[in-house]
Amino acid sequence: MPTDKRGLLCEFKPEELKSTPEMREWFTGSYPRFLDDDLLEFKCWFVNQERGTWGALYIWKSAEALDDYVNGDVWNKVVPEKYGCKPTWQVVEVGPIIAKTEIKVAKDSWISE
């Protein structure tokens, strides 16, 4: 069954990756901005210390919302300046979404330590 929802899968490869606890703190700083965005249905940040990368999977409620984000100033100016590199990214079709817990507080959102 087709959906209007669209996913954005992005990955950053900075020259030097911060520790996972530092990355979690960094992500937590932008948590409220995304929590309050009515057009974003889901976002999960990730860190891969072995590969020296980090990134996120976003699920937007519509292709238009995703397009507005990736063509906007935040994605094209603020994000690269804040993180010191541009991400590689792709738009993906999303399938069924399973979310067994609703999380609305950043400190409760980390799955593992």
Side-chain angles (χ1 to χ4, degrees):
M1 180 169 163
T3 177
D4 289 338
K5 296 176 186 179
R6 291 293 181 272
L8 171 65
L9 180 61
C10 68
E11 188 174 53
F12 294 78
K13 187 163 181 69
E15 288 185 29
E16 186 174 329
L17 185 64
K18 296 175 183 238
S19 71
T20 298
E22 289 172 314
M23 293 303 298
R24 288 178 177 169
E25 186 66 33
W26 218 7
F27 300 151
T28 299
S30 62
Y31 196 91
R33 179 214 180 285
F34 290 105
L35 185 62
D36 293 337
D37 189 329
D38 292 335
L39 298 175
L40 183 69
E41 184 163 303
F42 174 89
K43 181 172 183 183
C44 178
W45 288 270
F46 59 84
V47 178
N48 186 324
Q49 290 291 343
E50 288 180 16
R51 291 185 58 217
T53 62
W54 69 273
L57 170 63
Y58 303 69
I59 299 176
W60 295 93
K61 290 186 177 180
S62 69
E64 181 180 75
L66 186 150
D67 289 343
D68 288 347
Y69 183 68
V70 297
N71 290 304
D73 284 345
V74 170
W75 185 250
N76 290 293
K77 294 180 183 174
V78 175
V79 167
E81 288 175 12
K82 179 177 181 179
Y83 298 116
C85 62
K86 289 186 175 187
T88 58
W89 59 275
Q90 59 181 311
V91 174
V92 295
E93 295 287 335
V94 294
I97 300 165
I98 297 173
K100 295 189 176 194
T101 306
E102 183 177 353
I103 301 170
K104 292 190 175 184
V105 180
K107 70 179 182 68
D108 297 332
S109 67
W110 297 106
I111 294 173
S112 63
E113 293 299 318

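Predicted model only: the values in this text are computed from it and were never measured.
Closest heavy-atom contact between Asn71 and Asp67: ND2-O, 2.8 Å. Minimum heavy-atom separation, Trp75 to Val70: CD1-O, 3.4 Å. Closest non-hydrogen pair, Lys43 versus Ala56, comes out as CE-CB, 3.6 Å. Smallest separation of non-hydrogen atoms from Pro87 and Cys10: CB-CB, 4.2 Å.
Exactly one of Asn48, Val47, Leu17 qualifies for a side chain to side chain contact (heavy atoms under 4.5 Å, CB included) with Thr53. That residue is Asn48. With Tyr58 as the partner, the ring-ring contact (aromatic ring centres under 6.0 Å, His included) test is satisfied by one option alone out of Phe42, Phe46, Trp89, Tyr69: Tyr69.
Lys61 NZ to Lys5 NZ: the interatomic distance, rounded to the nearest 0.5 Å, is 8.0 Å. Once rounded to the nearest 0.5 Å, the distance linking CH2 of Trp54 with CZ of Phe12 reads 4.0 Å. Here Leu39 contributes atom CG and Phe34 contributes atom CZ; the two are 12.0 Å apart, rounded to the nearest 0.5 Å. The line from NZ of Lys86 to CG of Asn76 is 7.0 Å long, rounded to the nearest 0.5 Å. Remark: Glu64 CD to Leu66 CG distance equals 11.0 Å, nearest 0.5 Å. Here the CE-OG1 distance, from Met23 to Thr28, works out to 10.5 Å after rounding to the nearest 0.5 Å.
Salt bridge status for Glu25 with Lys18: absent, with no side-chain N to carboxylate O gap under 4.0 Å.
In this structure the side chain of Glu41 reaches within 4.5 angstrom of the side chain of Ile97, judged on heavy atoms. Within the 4.5 Å cutoff, the side chain of Val74 has heavy atoms near those of the Arg33 side chain.
Annotation: Lys82, atom NZ; neighbour count of heavy atoms from other residues, nucleotides and ligands within 6.0 Å is above 12.
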CA sep, side-chain torsions, deciding dist, call: Trp60, Asp37, side-chain contact (heavy atoms from CB on, under 4.5 Å): CA-CA 10 Å; Trp60 295 93; Asp37 189 329; 3.7 Å; yes
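Between the side chain of Lys13 and the backbone N or O of Arg51 there is at least one donor-acceptor pair closer than 3.5 Å.
Note on Val92: it does not cluster hydrophobically with Leu40, by side-chain heavy-atom contacts below 4.5 Å among ILVMFWY residues.
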